Trainee: 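Structure provided below as structure tokens; questions to follow.
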Number of protein chains: 2
Amino acid sequence: MFGILHSQTNLLMSISAFLLTLVPFTKEELEDILSHFKKETVSKNKVLVSQGDICNYLYFLEEGMARSYYLNDSGKEITQWFFGVGKFMTSADSFFQQTPSLYYLETLEDCILYSISKSQIDMLFDKYPKMEKLGRLATTEMLTKIVNKLNAIQFQTARERYEYMLAEFPDIAYHVPLGHIASYLGMTQETLSRIRKNNSQK
Amino acid sequence: MFGILHSQTNLLMSISAFLLTLVPFTKEELEDILSHFKKETVSKNKVLVSQGDICNYLYFLEEGMARSYYLNDSGKEITQWFFGVGKFMTSADSFFQQTPSLYYLETLEDCILYSISKSQIDMLFDKYPKMEKLGRLATTEMLTKIVNKLNAIQFQTARERYEYMLAEFPDIAYHVPLGHIASYLGMTQETLSRIRKNNSQK
DNA sequence: GATATCATTTGACCAATATCAAATAATGAA
DNA sequence: TTCATTATTTGATATTGGTCAAATGATATC
């Protein structure tokens, strides 16, 4: 079968470009802030944080994709969120409250990450009020996105939820295993498979 | 039938007590901050913000209860969140981005509210880094609660979702119309009625 | 390239919950 | 109190999506 071409937007987003979209840091501030992030490359399917760990780092995803997931009562992996290029990623509760993480964080592709520890970012929060603003704005954005997902999950049919997925994560939807998406959307992979089949026939 | 006694905890929570649980403001800071909030009493079933309005105020709920809701495609009211004593309430997106609100805000009981405008709170954000921290912490708390709801909605049966409601909003669950709760939990009110019946028989 | 492993698709059947309609109960206004 | 209105409950039936099992397809390793 001839494949459908899926757009590959946003292959890369530098952390400084991203920070500047939220808050107008000066060159000096930005340099100081960035000096506390550590660049690392991580290969595909690596678990960065396990359920029960304290999540010690906040990550910025310059390249690649990742997900958070947890194990439900039957031990099945439930994808909780996808992270794409140009996004912050962490197990938020665990990182900010320094409590055991409820989630795993796992790369889904080879990734280039910038990481920062809790103590370092707290130091930056104290040093720069603009960093508090950044934190607030980033959190507010996440809140909005989660509310969107909630509305999709709560009131839409399985097919409509898949359409939400395509809209929210266009880069990711065609590049990760079906089962990850199905559990993210709260349906079985059999159901998602049937939806995809019907969509492609239309 | 003899009614079950439902606990009435947290009948009142002062705004200063609440702020101090999140950030250690000094007496002077607190006084300055509170001077920008305006106390108002609002009677039951008043709409504070309508869908399409810009939400101009952030409210703190000292007494009473309220909800946010929207109208779905069929024009049915869907409760999106409940707000109880000691909580901040606003149409977050609309207030912070000054965009038309997707939601209505409506009191469910007579309320005592403290309101503050966007420009005033922005002024406080600029004046006090601790206010940015307050904003970040309050938003993070909200984020955690919404993730909880999402997990309940996504993976639990109708009965388990109702149990989540009782745990998250014990003060509210027995004091608002059934239909508000049913739409909040993503089920019909017939289903919720049957669940309550079964629970009371156990 | 052959084979083992893992991911996806397909089919048959079932359970949970929605829908629609009507009866009953509760509430509030005159 | 009485009546009108609104909220809740109940019953019958329909539908969506889940479960289980098996077949097919894709991928990676030797």
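Treat the numbers as computed from the prediction; the structure is a model and nothing was measured. Every chain is numbered from 1, with letters handed out A, B, ... down the list of sequences.
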Trainee: Taking only residues two or more places apart in sequence, or in another chain, which ones meet B:Glu190 in a salt bridge (charged side-chain N to carboxylate O under 4.0 Å, His left out)?
Mentor: none

Trainee: Does A:Lys38 have any side-chain contact (heavy atoms from CB on, under 4.5 Å) partners at least two apart in sequence or in another chain, and if so, which?
Mentor: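 side-chain contact (heavy atoms from CB on, under 4.5 Å) list for A:Lys38, sorted by chain: A:Ser115.
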
Trainee: Quick one: A:Tyr162 OH to D:dG17 P, roughly how many Å, whole number?
Mentor: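 The answer, rounded to whole Å, is 15 Å.
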
Trainee: Do nucleotides 23-30 of chain D as a string where each nucleotide becomes B, S or -: B if the base has a protein heavy atom under 4.0 Å, S if just the sugar-phosphate does, - if no protein is that close.
Mentor: --------

Trainee: Between the protein and nucleotides 6-10 of chain C, list every N/O to N/O distance that falls short of 3.5 Å.
Mentor:
| from | atom 1 | to | atom 2 | distance (Å) |
| --- | --- | --- | --- | --- |
| C:dT8 | OP1 | A:Leu178 | N | 3.0 |
| C:dT8 | OP2 | A:Leu178 | N | 3.2 |
| C:dT9 | OP2 | A:Ser193 | OG | 2.8 |
| C:dT9 | O5' | A:Ser193 | OG | 3.0 |
| C:dT10 | OP2 | A:Lys197 | NZ | 3.4 |

Trainee: Whole-Å distance between D:dT9 P and B:Met187 CE?
Mentor: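 After rounding, the reported distance stands at 14 Å.
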
Trainee: Check salt bridge (charged side-chain N to carboxylate O under 4.0 Å, His left out) between A:Glu168 and all other residues, then give those that pass, not counting sequence neighbours.
Mentor: A:Lys145

Trainee: Quick check on the helix from C:dG1-D:dC30 to C:dA30-D:dT1: what's the angle between its two end axes, five base pairs per end, to the nearest 10°?
Mentor: 50°

Trainee: Would you tell me if any nitrogen or oxygen in the side chain of A:Thr188 comes within less than 4.0 Å of OP1 or OP2 on D:dG18?
Mentor: yes

Trainee: Round to the nearest Å and state the distance from B:Asn72 atom CG to C:dA18 atom P.
Mentor: 14 Å

Trainee: Between P on C:dT19 and CZ on A:Phe155, what's the gap in Å once rounded to a whole number?
Mentor: 12 Å

Trainee: B:Tyr59: which residues meet the ring-ring contact (aromatic ring centres under 6.0 Å, His included) condition with it, sequence neighbours left out?
Mentor: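 With sequence neighbours excluded, B:Tyr59 shows a ring-ring contact (aromatic ring centres under 6.0 Å, His included) to no residue whatsoever.
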
Trainee: side-chain contact (heavy atoms from CB on, under 4.5 Å) with B:Met65: which residues, sequence neighbours excluded?
Mentor: B:Leu108, B:Glu109, B:Ile172, B:His175, B:Val176

Trainee: Could you pull out all residues at least two apart from B:Ala17 that satisfy side-chain contact (heavy atoms from CB on, under 4.5 Å)?
Mentor: B:Met13, B:Ser14

Trainee: Answer yes if the ring centres of A:Phe82 and A:Tyr184 are under 6.0 angstrom apart, and no otherwise.
Mentor: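 For A:Phe82 and A:Tyr184, the ring centres are under 6.0 Å apart.
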
Trainee: Picking from B:Phe169, B:Tyr69, B:Tyr103, what satisfies ring-ring contact (aromatic ring centres under 6.0 Å, His included) with B:Trp81?
Mentor: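 Only one of B:Phe169, B:Tyr69, B:Tyr103 forms a ring-ring contact (aromatic ring centres under 6.0 Å, His included) with B:Trp81, namely B:Phe169.
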
Trainee: A:Ser119: what forms a side-chain contact (heavy atoms from CB on, under 4.5 Å) with it, not counting sequence neighbours?
Mentor: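 A:Ser117.
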
Trainee: Please list all pairs passing the ring-ring contact (aromatic ring centres under 6.0 Å, His included) test where one or both residues lie in residues 105-162 of chain B, with sequence neighbours left out.
Mentor: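 Every candidate ring-ring contact (aromatic ring centres under 6.0 Å, His included) pair involving residues 105-162 of chain B fails, so no pair, neighbours aside, qualifies.
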
Trainee: Write down the distance between CD (A:Gln154) and P (C:dT17), rounded to a whole number of angstrom.
Mentor: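 After rounding, the reported distance stands at 14 Å.
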
Trainee: Without decimals, in angstroms, what is the distance between B:Gln156 CD and D:dG18 P?
Mentor: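 For the pair B:Gln156 CD and D:dG18 P, the rounded distance is 16 Å.
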
Trainee: Show every donor-acceptor pair shorter than 3.5 Å between a side-chain atom in residues 83-92 of chain B and any protein atom, with sequence neighbours excluded, or say none if there are none.
Mentor:
| from | atom 1 | to | atom 2 | distance (Å) |
| --- | --- | --- | --- | --- |
| B:Thr90 | OG1 | B:Tyr57 | O | 2.9 |
| B:Ser91 | OG | B:Ser101 | OG | 2.7 |

Trainee: Could you state the atom-to-atom distance from CG of A:Asn45 to P of C:dT5 in whole Å?
Mentor: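 Interatomic distance, CG of A:Asn45 to P of C:dT5: 19 Å.
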
Trainee: In whole angstrom, what separates A:Leu185's CG from D:dT16's P?
Mentor: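 A:Leu185 atom CG is separated from D:dT16 atom P by 18 Å.
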
